[in-house]
Amino acid sequence: MGLALKNILLYAGVASAVPWAGSPNDQKPLDPAAGQKGPLKTGSSTQKPNIIFILTDDQDIEMNSLDYMPFVQKHLLDKGTLFRNHFVTTALCCPSRVSLWTGRHSHNTNVTDVNPPYGGYPKFVAQGFNENFLPVWLQEAGYNTYYTGKLFNAHTTKNYNNPHVKGFTTSDFLLDPWTYNYLNPAYQRNHEPPIIYHGQHTIDILIDKSNALLDDAIASEKPFFLALAPVAPHSNVEGDISDISDIEKVTFSEPIPLKRHEHLFPDAKVPRTPHFNPDKPSGVNWIAERPQLNKTWVDHNDYYYRQRLRALQGVDELVDGIFKRLEENGQLDNTYIFYTADNGFHVSQHRLNPGKECGFEDDIRVPFIVRGPGIAEGAVSNAVTTHIDVAPTLFEIAGIPLREDFDGLAIPLERVKQEKRRHEHVNVEYWGFAVEEGSYGGTLFWNNTYKALRIIGENYNLYYSVWCNNEHQLYDLTSDPFQLRNIYPGYADHDSSLTILGAPLIRVIDRLDSLLLVLKSCKGTVCVKPWQKLHPEGDVDVLPDALQEQYDTFYKHQESVRFDRCEAGYIIDAEGPQDALSYTRNGIHWSHWV
Ligand SMILES: *[C@@H]1O[C@H](CO)[C@@H](O)[C@H](O)[C@H]1NC(C)=O
Ligand SMILES: *[C@@H]1O[C@H](CO)[C@@H](O)[C@H](O)[C@H]1NC(C)=O
Ligand SMILES: *[C@@H]1O[C@H](CO)[C@@H](O)[C@H](O)[C@H]1NC(C)=O
């Protein structure tokens with residue numbers, strides 16, 4: 001197990017101590033002739049291309065889950081491109097999914113949680129997105145649209161018809177409180193009442209439904225969008241997760257695989273990377289207070305990890321079935337297939353019990369694989385991309401003009417497009433609590449509210465964050481790929497002689513902070529080109545440009561990112577300064593932009 005993916009990556013020559021931090025723009029295909037097949041539209045068909053989007057729940061890339069999925073390797077990794085620098089911007093199911101299907105950051109959807117008042121399906125509806133999100137737009141462009149599996153959290157057997165989800169030709173949604181109940185799932189088709197499938201495994205049902213939807217889609221002879229959203233490898237949840245007042249009663253146990261997979265990988269364990277249950281505490285705030293995990297927890301977490309890999313085998317079979325059907329029906333050449341997850345996951349890294357919601361690589365970096373016409377086979381792209389870029393990417397495939405309220409940029413699927421420089425930054429944001437999952441979990445950690453910036457370019461690879469208690473983190477992933485040494489001033493691993501890109505740390509921090517100040521409330525193209533807000537005269541595109549000494553005074557005058565208090569949602573008056581100054585050439589007329 002695991003050899004195929006590792007071989008691809010090694011062949012691609014990405015083998016430094018910081019494996020994924022190469023030049024953000026280069027993609028290195030295995031097959032030199034790959035990726036030369038021409039433009040996005042296929043030659044053989046005049047019909048717009050089809051799109052299939054497979055969205056798993058809580059699937060990591062950092063713990064090597066893809067190594068255990070032979071069909072994903074065969075159909076997607078070997079025949080498509082893996083975007084190895086792909087990030088989510090809010091590491092939590094519902095906000096991340098709303099961002100995916102609207103093309104906007106959570107601070108622009110204000111769906112920031114899994115439950116009301118700050119999130120969930122009711123908040124999605126209240127924000128007006130039910131009339132205004134991807135399936136609705138694709139239908140307007142002539143697509144038939146299909147969905148099965150989990151759409152959002154707090155989408156329940158009580159509120160599913162108030163109102164019904166719009167935009168789908170056919171839908172069959174998993175509903176709370178049964179969404180994550182692997183053996184008693186509730187599915188709800190079109191406008192029909194929900195059905196609870198007692199004792200049946202959620203993935204077997206989803207495979208049947210997916211195949212039937214694909215058959216319908218193909219028979220319709222229109223271009224189609226088909227989204228398949230299994231719950232694996234999410235925890236099995238018993239109790240009403242959509243009732244926040246009762247959240248302490250909800251149990252998050254390990255995922256439940258199909259019977260035929262329950263004995264696989266008996267020796268698999270969480271990879272023993274340097275950040276696995278480290279001797280010294282990690283991070284800041286509640287994370288820094290976590291005790292080292294004892295043997296009981298480590299063993300449980302290894303078991304939890306194996307159950308994740310086993311539960312993913314059903315998804316792997318789903319993938320194989322979809323490709324077989326596409327091939328048999330002659331649709332493979334005119335279909336783009338995406339494979340990704342709503343957020344990553346940690347199990348024992350940084351002393352954390354199973355969970356997500358943190359800004360570490362484990363939680364924000366996710367698998368993102370695309371196969372389709374013109375896309376290089378067996379390739380790995382280092383372009384820096386995010387879930388905010390997905391809606392614009394699908395628009396480009398469907399030939400729809402981009403919307404002004406998109407906060408992202410279409411992902412360069414073809415190699416030639418990747419030669420153009422792409423942005424280096426990822427804007428990460430989070431509000432509310434984190435929860436420990438697994439049998440020893442259940443603890444909620446409040447005040448898990450933070451803003452963060454992930455930035456990757458030639459010779460730099462950084463993570464910077466500001467928490468609602470005004471603690472800071474700065475990790476230099478070039479020398480510290482596992483984020484174990486917080487080098488922000490005032491923390492144990494700070495050293496005033498440290499430099500990044502030849503500049504003293506303090507100069508780098510000033511720039512990162514101002515960039516984060518712009519990004520945390522950006523809209524539209526500002527989110528894509530944040531340096532232009534700081535330097536409207538256009539002479540700064542990337543971090544190294546901004547590091548010039550001549551800008552020191554300007555950056556010293558900027559307000560710093562800070563919070564006035566911790567809130568569980570996007571309450572602007574708790575979030576400190578909102579506006580950044582702009583630099584103009586004579587260096588005096590700095591001005592506010594609004
Ligand atoms: C590990 O810690 C948990 C929680 O504190 C405790 O219940 C358990 O007994 C401990 N196990 C060992 C082997 O110390
Ligand atoms: C969260 O932060 C607020 C200050 O913003 C503080 O009053 C409260 O005690 C904190 N809660 C926890 C659980 O730490
Ligand atoms: C986001 O939604 C919450 C809950 O409805 C509300 O209190 C808050 O003011 C909203 N934030 C913004 C920026 O609109």
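Because the structure is a prediction, the values reported are computed rather than measured.
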Item to check | K523 and D405: CA distance, side-chain angles, deciding distance, salt bridge (Lys or Arg N to Asp or Glu O under 4.0 Å) verdict | outcome: CA-CA 7 Å; K523 287 190 166 45; D405 58 20; over 6 Å; no
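- With hydrogens and angles left out, the side-chain atoms of H86 and T385 include a donor and acceptor closer than 3.5 Å.
- Judged by the 6.0 Å distance and 45° axis criteria, K209 is positioned over the aromatic ring of Y187.
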Could you tabulate the donor-acceptor pairs under 3.5 Å formed by side-chain atoms of residues 525-532, not counting sequence neighbours?
from : atom 1 : to   : atom 2 : distance (Å)
W531 : NE1    : E424 : OE2    : 2.6

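- Ion pairing of K356 with E437 is present here, as a side-chain N (NZ or NE/NH1/NH2) and a carboxylate O approach within less than 4.0 Å.
- Using a 4.5 Å cut-off on side-chain heavy atoms (C-beta onward), V366 and Q59 make no contact.
- Checked options E317, H201, Q313; the residue passing with R260 is E317 (criterion: side-chain hydrogen bond (donor to acceptor under 3.5 Å, both in side chains)).
- Side-chain atoms of N343 and D58 form a donor-acceptor pair, as typed in the model, at a separation below 3.5 Å.
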Next on the checklist: Applying ring pair (Phe, Tyr, Trp, His ring centres under 6.0 Å) to F368 and F87, what does each step give before you reach the verdict?
Outcome noted: CA-CA 9 Å; F368 194 81; F87 296 88; over 10 Å; no
Checklist entry - Run the ring pair (Phe, Tyr, Trp, His ring centres under 6.0 Å) check on F152 and F173 step by step: do they pass? => result CA-CA 9 Å; F152 300 128; F173 300 121; 8.5 Å; no
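- Applying the 6.0 Å contact sphere to CD of E131 captures more than 12 heavy atoms from other residues, nucleotides or ligands.
- Side-chain atoms of D363 do not come within 3.5 Å of backbone N or O of A91 as any donor-acceptor pair.
- Side-chain contact check for T157 versus Q188: every heavy-atom pair is 4.5 Å or farther apart.
- N110 and Q127 form no side-chain donor-acceptor contact under 3.5 Å, judged by distance and modelled atom types alone.
- We find that K259 and D204 are not joined by a salt bridge, their nearest charged nitrogen and carboxylate oxygen being 4.0 Å or further apart.
- No side-chain heavy atom of P95 sits less than 4.5 Å from a side-chain heavy atom of T109.
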Item to check | Check against salt bridge (Lys or Arg N to Asp or Glu O under 4.0 Å), R97 and D57 | outcome: CA-CA 10 Å; R97 286 164 192 253; D57 201 321; 3.2 Å; yes
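- Taking the six-membered ring wherever Trp is involved, the centroid distance between the rings of Y570 and W431 falls below 6.0 Å.
- F71 pairs by the ring pair (Phe, Tyr, Trp, His ring centres under 6.0 Å) definition with nothing, not counting sequence neighbours.
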Checklist entry - Hey, mind stepping through R104 and D407 against salt bridge (Lys or Arg N to Asp or Glu O under 4.0 Å) and telling me if it holds? => result CA-CA 5 Å; R104 297 182 187 202; D407 296 330; 5.9 Å; no
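- For F225 and Y143, the ring centers are positioned 6.0 Å apart or more.
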Item to check | Worked verdict on K324 versus E327 for salt bridge (Lys or Arg N to Asp or Glu O under 4.0 Å) | outcome: CA-CA 5 Å; K324 281 203 179 113; E327 207 155 6; over 6 Å; no
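- The aromatic ring centres of Y68 and F265 sit less than 6.0 Å apart.
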Item to check | Audit row: W137, F395, ring pair (Phe, Tyr, Trp, His ring centres under 6.0 Å) steps and yes/no | outcome: CA-CA 9 Å; W137 302 326; F395 264 46; 5.7 Å; yes
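- Salt bridge annotation for K520-E429: absent, with no cationic side-chain nitrogen under 4.0 angstrom from a carboxylate oxygen.
- Using a 4.5 Å heavy-atom cutoff, the side chains of H425 and V518 are not in contact.
- Annotation: ring pair (Phe, Tyr, Trp, His ring centres under 6.0 Å) contacts of F53 (sequence neighbours excluded): W101, F338.
- Taking OG1 of T169 as the reference point, atom NZ of K222 lies at 7.0 Å (rounded to 0.5 Å).
- Residues L453 and L515 are in side-chain contact: their nearest non-hydrogen atoms beyond the backbone lie under 4.5 Å apart.
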